[in-house]
Amino acid sequence: MYPQAAADSESATSHNFTMSDLNLPALVNESFALLDLGLNDEALATVERLIESEPTREVHLAAIQVFIRLGLFDRACASSDEVLKSGGADAGDLSLISLALNFGGRIQEAYELQKGIFPQTTEGHLGRLYGMACKASRLGRHQEALNHLLSSFRFANVESWDAHRKIFLDSELAGLWEAIPSMQIPLREAMRHCNLPFDEILELNTASGEARCVDFLDLEVMPKQFHALLQPVHGSTFETSPLMEMREPELYRDYLAWQDSLVLPRLEVFGALRDMIRSTVVAEQLAFAEFQASRGRIACARNHLVCHLLESPGASMDNLPDIPALRPLVEEFRAQYAESPEAFRYLISWECKENPEEFIRDVYSELPEVNRRSGYALLALGSMHYRLGNTSSAIESWAACAKKWPKDDAPVMNATILLSGENRWDEATRLINRLPGTCRESMLWKSATRAIKERRQFTISSKIHPAPRIPTPTFGHLYSGADEEFLHEKRKLTPLQF
C-alpha cells in the first residue's frame, strides 16, 4: 500500500460521512482509485460508509460500479433498484443498471431495461445492441439475438473492449452461435444485413493473435488456471497482464489456444451466415429490378440487373427475363457482350475505379467500339474524370451518357451536381428537366430542382447514401422505405418466370 493511499484509506474508514463536511465526488473517485490500487476492502468500506451516510442516487450509482468490480452482484442489484426508485436515470445510468441486473441473474429485467435505452453516441449504440444480443441469447430468443448481434456491426468497433472481437468469444452468446446454423433468415432481415462488412470482420478476427478481453460470466466457463493471467480493466472486463504473459509464457499460449477453440468454429458459422444472407438477397435481384423499373428508377434497376449478372450462379445474358422498361438496356448489354464478354464484364464490375488514370489514358481508347460507345463506358469515364478532379470532362462524359440513357437519372444527377458547383444554373436546369416524369416524382429530383431554383449548390453525400455492394430497393437509403414497399408488394405478385 502506498503511504498516502494508506492514510486516505484510514481516514475514509474511520468517520461517518455527511455531505456537510466531506466532498462526495472526491470520495467517489477515491473508491475507484482504491480499486485501481488493488485495495478492494478499503474501496468497499468507503462506498459502504457513503451509502450509510448519504444514500443518494449518485452514491448508489458509484456503488453499483464498485460492487460490479468486486463481483458483488446482489449488492449491485440492490443499489440499482434504489436508483430506479429515485428516477431521473439517463442512458448511461440505465446501461450500468442493466449490466448489474444481468450479472445478478435478472436477465429479463436487464433486457427490457436495455431495450428502452436510446444512447446519443456511437459507442452507446454499440454497447446497447451488443448487450441486447447477449441477454436475448441467454433467454433463448435467438432470432432477436441474431438481429441485435448483426446490427451491432453497423457501428465502429470500440477499441477499449474490442467489441468486434469479443463478440466471438463471449460466453453469453454461446447458445446463439450454436443455434445459427439451423436458423432461417427472412428476406426482410437478409436485406437489412446483406451489406455489413462481413469480410472485414472476419479478417479482423483472424489476423490478430492477441487475447480477447473477458468478463465475469466468461470467468465462470474458462479453466480456472487462466485466472492467474488476468487483471481487471474498464469495470466489468478483464485482460491478460503483460507481466504474467512474460512470467507464464506456456500458460499464456494455452490461454490463446483455449480462446481459439471457441472463436474459430464461430468464425466459420459467421462466414456461412454471410454467404446465406448474401445469396438470399442476390436471388431477388431480378425481382428488385422489375420493381424499380416499374417506378421509373432505371438507375437502380440497372444496378440490380448488373448485380444479378455478377453475383448470381449461372446468370448470363441469355437467361435474363423480359422486363419491358429495361428492354433497351438489355439489348445494349447483349450487344456489348456479343462484341467482347471481357470488356463488358470489366465495365459492369467497375474494375476501372482501381486506377482512374490508366482507364482514361490507356483502357478507354482501347475498348472495342460497341463497348467504348456504351452508356456504361461513358458513365465510367465521367466517374474517373471526377475522381481526378477533371470537372469539365466529367460533366461532358456524364451528359453524353444521359443522351445514351435518357431514362437513367444517375448521369443526369451526377452532371447536375457538378454544374451547380460551378454556378452554371441554366445548364443544370436544362439537364435535370430532361428526365422523364417518373424521375420527377422522387425526393431526389425535387431537392435538386429546389436547390437549383434557389441558386444553391447541393450534393448527394456518399456517406449518407453509400453505393451498396448488393443493392436492395432502398439503394443505400436513397429511397427510404422501398425495402418494405417491395416486401408488401411481393406478397401480391407471382414470381418471375425464367
Side-chain angles (χ1 to χ4, degrees), residues 68 73 76-77 80 84 89 91-119 121-158 161-194 196 198 201 205 212-221 235-237 262-263 265-274 276-277 280:
I68 288 177
F73 303 128
C77 287
S80 296
L84 291 174
D93 300 338
L94 294 175
S95 295
L96 177 64
I97 292 170
S98 177
L99 182 68
L101 297 178
N102 186 52
F103 284 147
R106 293 162 59 178
I107 307 166
Q108 183 66 50
E109 293 175 74
Y111 185 43
E112 295 301 328
L113 185 64
Q114 196 157 37
K115 284 199 293 186
I117 297 172
F118 301 99
T121 65
T122 296
E123 183 171 350
H125 281 294
L126 174 60
R128 172 179 178 267
L129 289 164
Y130 188 113
M132 289 196 297
C134 290
K135 295 169 183 65
S137 176
R138 294 181 74 189
L139 292 168
R141 296 158 72 165
H142 293 137
Q143 189 66 58
E144 292 176 41
L146 179 58
N147 288 333
H148 297 322
L149 182 145
L150 291 174
S151 295
S152 71
F153 287 120
R154 299 180 186 280
F155 296 93
N157 194 17
V158 176
W161 52 290
D162 205 4
H164 288 184
R165 295 181 68 244
K166 187 183 190 308
I167 209 164
F168 291 95
L169 178 69
D170 204 307
S171 59
E172 294 184 80
L173 295 169
L176 173 61
W177 288 115
E178 292 176 2
I180 287 174
S182 61
M183 293 173 65
Q184 298 295 316
I185 308 299
L187 178 58
R188 173 181 281 106
E189 300 307 325
M191 290 161 69
R192 283 183 59 199
H193 302 306
C194 64
L196 288 176
F198 289 100
I201 293 163
N205 277 275
R212 299 156 203 263
C213 73
V214 295
D215 59 34
F216 284 101
L217 296 178
D218 299 323
L219 296 182
E220 296 178 5
V221 300
S236 63
T237 56
L262 297 178
V263 168
R266 295 174 184 180
L267 291 177
E268 291 183 7
V269 170
F270 190 69
L273 178 66
R274 169 202 59 191
M276 178 172 62
I277 287 174
T280 297

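Looking at every heavy atom in both residues, Met132 comes nearest to Tyr111 through O-CE1, 3.6 Å. What you find for Trp161 and Gly127 is that their closest heavy atoms are CZ2-CA, 4.3 Å. The shortest heavy-atom contact between Ile68 and Ser236 is CG2-CB, 3.9 Å. Ala91 approaches Pro119 most closely through the heavy-atom pair CB-CA, 4.3 Å. Of all the heavy atoms in Pro186 and Gln143, the pair that sits closest is CD-NE2, 4.2 Å. The minimum heavy-atom distance between Ala100 and Cys77, with the atom names listed, is O-SG, 3.5 Å.
For the atom pair Gln114 CD and Lys135 NZ, the distance stands at 4.0 Å (nearest 0.5 Å). Expressed to the nearest 0.5 Å, how far CG of Leu84 lies from CG of Leu94 amounts to 7.0 Å. Separation of atoms CZ (Phe168) and CG (Leu262) is listed at 13.0 Å; rounding is to 0.5 Å. One finds the CD atom of Glu220 at 9.0 Å from the CG atom of Asp215 (value rounded to the nearest 0.5 Å). Here the CG-CZ distance, from Leu267 to Arg165, works out to 10.0 Å after rounding to the nearest 0.5 Å. In this structure, Leu146 CG and Ile185 CD1 are separated by 5.0 Å, a value rounded to the nearest 0.5 Å.
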List the atom pairs, donor and acceptor, that lie under 3.5 Å between side-chain atoms in residues 150-158 and the rest of the protein, sequence neighbours left out.
residue	atom	partner	partner atom	Å
Ser151	OG	Asn147	O	2.8
Ser151	OG	Arg192	NH2	3.2
Ser152	OG	Leu149	O	2.5
Arg154	NH1	Arg192	O	3.4
Arg154	NH2	Arg192	O	2.3
Arg154	NH2	His193	ND1	3.2
Asn157	OD1	Ala163	N	2.9
Asn157	OD1	His164	N	2.9
Asn157	ND2	Asp162	OD1	2.8

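Inter-residue side-chain proximity for Arg266 and Ile167 is flagged as unmet; no heavy-atom pair is nearer than 4.5 Å. The closest side-chain heavy-atom distance from Ile201 to Asn205 is below 4.5 Å.
Residues meeting the side-chain hydrogen bond (donor to acceptor under 3.5 Å, both in side chains) test with Thr280, sequence neighbours left out: none. For Phe198, the ring-ring contact (aromatic ring centres under 6.0 Å, His included) test picks out Phe270, with sequence neighbours left out. Under the side-chain hydrogen bond (donor to acceptor under 3.5 Å, both in side chains) criterion, Glu112 pairs with Gln108, not counting sequence neighbours.
Here side chain to side chain donor-acceptor pair (under 3.5 Å) pairs that include residues 93-103, with residues two or more places apart or in two chains, are Arg57-Asp93, Asn102-Arg138, Asn102-Glu172. Sorted by first and then second residue, the salt bridge (charged side-chain N to carboxylate O under 4.0 Å, His left out) pairs with a member in residues 96-107 read Asp81-Arg106, Arg106-Glu109; sequence neighbours excluded.
A side-chain N or O of Ser171 and one of Asp218 form a donor-acceptor pair less than 3.5 Å apart.
Although no hydrogens or angles enter the test, the distance criterion places no donor-acceptor pair under 3.5 Å between the side chain of Arg212 and the main chain of Leu169. In terms of modelled atom types and a separation under 3.5 Å, the side chain of Ser80 and the main chain of Ala76 share a donor-acceptor contact.
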Checklist entry - Do Leu99 and Phe216 pass the side chain to side chain contact (heavy atoms under 4.5 Å, CB included) test, and can you show the C-alpha distance, the side-chain angles, and the key distance before you say yes or no? => result CA-CA 11 Å; Leu99 182 68; Phe216 284 101; over 6 Å; no
